[in-house]
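These notes are about the structure you will find just below.
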Amino acid sequence: MSLIDSLLGAMSGAAGNGQSAATNPLLQIALSMLANSGAGSAAGGANGGLGDLGSTLGGLGGLGGLINAFQRNGMGDQMQSWIGTGQNMPISPDQLQQVLGQGTLGQIAQQLGLSPQASASGLSELLPQLIDRLTPNGQAPQGDLGDVADIMARLGQGR
């Protein structure tokens, strides 16, 4: 079972580990990265309990902003493979760090209580699967994905 399947299973109560997807810190951070504003968590609160990190992640510009960041850093092909309907290309933790920057990744690591490398490793596994699930027709949606609650609803409908 993939990481995204495990997290989405938790969202529907199937995982039985007592942690919902809405409160899983790694998933919450990934969702905030993809959200238009980095806010509106299904877990409640203006930024899902992410504090200043929620504002930082919201500043990435949602899925559209991430697409641009990947393109600027020479990794547009990876992102397009996640959006498209074919095989997802992998991204290494180091490549993800290049796209997000050390500052943002350091904040994510601090929020997760992990090293920047461990945080990048988790996100490098989760983001391709998550973006793939959120773009089932092989293209980024018009107007982006909405806030975190909207994205959670999309994921719930897509299962």
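Partner L34 forms a side chain to side chain contact (heavy atoms under 4.5 Å, CB included) with one of I29, L63, D144 and no other, that one being L63. For the side chain to side chain contact (heavy atoms under 4.5 Å, CB included) with M75, the lone residue among M89, Q98, Q80 that qualifies is Q98.
Between R154 and P141 there is a side-chain heavy-atom pair separated by less than 4.5 Å. By the 4.5 Å heavy-atom criterion applied to side chains, L145 and L31 are not counted as neighbours. Between L130 and L27 there is a side-chain heavy-atom pair separated by less than 4.5 Å. No side-chain heavy atom of R72 sits less than 4.5 Å from a side-chain heavy atom of V99.
For Q71, the CD atom counts as densely surrounded, since its 6.0 Å shell holds more than 12 non-hydrogen atoms of other residues, nucleotides or ligands. Counting non-hydrogen atoms of neighbouring residues, nucleotides and ligands closer than 6.0 angstrom, the CD atom of Q117 exceeds 12 such neighbours.
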Could you go through D77 and F70, starting from their C-alpha distance and side-chain angles, then the distance that decides it, and tell me whether this counts as side chain to side chain contact (heavy atoms under 4.5 Å, CB included)? CA-CA 8 Å; D77 289 344; F70 273 76; over 6 Å; no
Apply side chain to side chain contact (heavy atoms under 4.5 Å, CB included) to residues L127 and M33 and explain how you reach the verdict. CA-CA 9 Å; L127 277 176; M33 291 171 69; 3.9 Å; yes
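A distance of 5.0 Å separates CD in Q102 from CD in Q97, rounded to the nearest 0.5 Å.
Closest non-hydrogen pair, L105 versus A120, comes out as CD2-CB, 3.6 Å.
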